[in-house]
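Read through the structure below, which is laid out as structure tokens, and then see the notes.
So you know, we letter chains A, B, ... as the sequences are listed, proteins then strands, and number each from 1.
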2 protein chains.
Amino acid sequence: MSGAPGQGAPVDAGAAGETRFVDTYLLYLLARASSVASAEFHEEVRARGVPVTVWRILASLKGTAGLTVGDLARSCLANQPAISKMVDKLVIRGLLSRQTDGDDRRRVWVRLTETGEAEVDGLIAAAERHQARLLEAIGPGEAEVLKRALTLLIEHAAPDP
Amino acid sequence: MSGAPGQGAPVDAGAAGETRFVDTYLLYLLARASSVASAEFHEEVRARGVPVTVWRILASLKGTAGLTVGDLARSCLANQPAISKMVDKLVIRGLLSRQTDGDDRRRVWVRLTETGEAEVDGLIAAAERHQARLLEAIGPGEAEVLKRALTLLIEHAAPDP
DNA sequence: CCTAAAAATATTCCTTTTCATATAATAACG
DNA sequence: CGTTATTATATGAAAAGGAATATTTTTAGG
């Protein structure tokens with residue numbers, strides 16, 4: 001008696017008539033693009049035993065002389081408490097160091113240790129290889145168009161605080 | 001914008017002229033654009049007492065005759081167990097219904113109830129208002145360029161199963 | 001100065017997500 | 001057909017994340 005839904009064939013995921021609101025919704029398109037473009041590389045990162053959040057923390061610090069906890073959180077697109085806790089663990093694991101600022105003792109500088117540098121260097125090399133493949137797949141011209149449009153969007157959507 | 005992460009410009013890298021790897025990394029630019037562009041509206045959604053995951057579930061179902069749990073999870077860019085559990089709660093709250101497929105009893109169809117439809121209609125109206133403002137801010141031509149580039153990226157990065 | 005407000009980080013509590021696996025049903029194949 | 005593989009969803013323990021708040025330090029105002 002448990003009939004099939006709607007008697008006729010119900011929708012499958014998105015094969016037929018895409019009349020859903022979300023399919024024309026810019027924020028969804030953005031989220032989806034980010035998700036699918038990152039999926040493959042994030043898989044590779046996890047396969048190396050590195051959670052994506054950790055990758056973001058390490059990558060954000062690379063090329064800096066250290067970031068405060070708050071700036072690090074913003075760079076990781078994450079909340080401050082989440083980063084605070086994750087930094088704890090990475091300090092324990094020897095990848096990061098913490099140091100209270102000398103002038104303003106509320107602030108805490110987070111830096112890569114030698115071990116952390118080595119770890120992130122390998123990850124960045126992998127990221128660059130992946131990005132090269134991705135850019136080749138979509139074409140360099142298209143990549144430039146995309147980057148420019150994204151930058152413009154970021155500027156318009158997020159006025160500097 | 002109390003709890004919303006991810007706004008703002010690239011973090012100060014310290015010495016002038018220094019450029020971090022992430023600041024030229026396409027996947028980071030994408031994640032940041034998505035985060036920044038969504039932050040304001042997600043704040044509005046949460047202010048209505050709706051977690052973002054719930055918004056995604058409801059919005060994904062709108063305009064369909066139901067989705068299976070797996071398809072719903074993919075549409076929400078989330079894991080299957082997470083969606084399975086959240087659907088549980090929304091069924092209890094009367095926003096969704098579950099029904100096992102008649103032909104293939106492994107599959108479970110998830111649908112909006114009348115209450116769920118009413119809830120999502122209000123959210124979608126808000127989303128459309130927000131999107132209109134966003135598109136106006138970046139300009140309609142730019143929006144088209146962006147949508148086209150994102151669609152292309154999705155097609156190239158996501159091999160359809 | 002002294003006190004009130006603001007800022008940066010840490011902490012607490014609770015919800016959600018994740019990872020791995022269990023369960024159940026269908027498909028495939030000899 | 002019976003057995004093995006595969007697919008879809010659910011479940012359970014552990015980790016992560018988020019909202020609210022505490023703590024410490026600095027800044028501002030009178």
Side-chain atoms of residues 115-125 of chain B: list all donor-acceptor pairs with protein atoms under 3.5 Å, sequence neighbours left out, distances to 0.1 Å.
residue	atom	partner	partner atom	Å
E117(B)	OE1	K62(B)	NZ	2.7
D121(B)	OD1	K62(B)	NZ	2.9

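Base pairing in DNA chain D yields stems of at least 3 consecutive Watson-Crick or G-U pairs, both distances under 3.5 Å, namely C:1-30 with D:1-30.
Of the possible polar contacts, none joining the S38(B) side chain to the S35(B) backbone as a donor-acceptor pair under 3.5 Å is found. Using modelled atom types, no side-chain atom of S34(A) and backbone atom of A31(A) make a donor-acceptor pair closer than 3.5 Å.
In this view, E128(B) satisfies the side chain to side chain donor-acceptor pair (under 3.5 Å) rule with no residue, not counting sequence neighbours. Contacts of W55(B) classified as ring-ring contact (aromatic ring centres under 6.0 Å, His included), with partners at least two apart in sequence or in another chain: F41(B).
Distance L72(A) CG to dA8(C) P: 15 Å, rounded to the nearest Å. A straight line from CZ of R46(B) to P of dA20(D) spans 10 Å, rounded to a whole angstrom. Atom pair I83(B):CD1 and dT11(D):P shows a separation of 16 Å (rounding to whole Å applied).
Note on L77(B) and L27(A): separate hydrophobic clusters, where clusters join Ile, Leu, Val, Met, Phe, Trp and Tyr whose side-chain heavy atoms are under 4.5 Å apart, directly or indirectly.
The salt bridge (charged side-chain N to carboxylate O under 4.0 Å, His left out) analysis of residues 31-44 of chain A, with sequence neighbours excluded, yields the pairs E43(A)-R46(A). Judged as a salt bridge (charged side-chain N to carboxylate O under 4.0 Å, His left out), the pairs with a partner in residues 130-149 of chain A (not counting sequence neighbours) are, in order, E142(A)-R148(B), R148(A)-E142(B). Applying the ring pair (Phe, Tyr, Trp, His ring centres under 6.0 Å) test to pairs two or more places apart or on separate chains, none has a residue in residues 70-99 of chain A. Each ring pair (Phe, Tyr, Trp, His ring centres under 6.0 Å) pair with one or both residues in residues 64-97 of chain A, not counting sequence neighbours, would appear here, but there are none.
In this structure, V52(A) shares a hydrophobic cluster with no other residue, the cluster being traced through Ile, Leu, Val, Met, Phe, Trp and Tyr side chains under 4.5 angstrom apart.
Shown for residues 47-61 of chain B: no residue has heavy atoms falling under 4.0 angstrom of DNA chain D. DNA chain C is contacted by S84(A), K85(A) of residues 84-94 of chain A, taking any non-hydrogen atom closer than 4.0 Å. Near DNA chain D, defined here as any heavy-atom distance below 4.0 Å, the residues from residues 96-109 of chain A are D103(A), D104(A), R105(A), R106(A), listed numerically.
In this structure, N79(B) and T68(A) both approach DNA chain C, and ranking their closest nucleotides by distance from the 5' end singles out T68(A).
Only one option out of V54(B), I57(B), T53(B) pairs with C76(B) in a side chain to side chain contact (heavy atoms under 4.5 Å, CB included); it is I57(B).
Checked by distance alone, Q80(B) brings no side-chain donor or acceptor within 3.5 Å of a matching partner on the base of dA8(D).
Side-chain atoms of R20(A) and S75(B) include a donor-acceptor pair closer than 3.5 Å.
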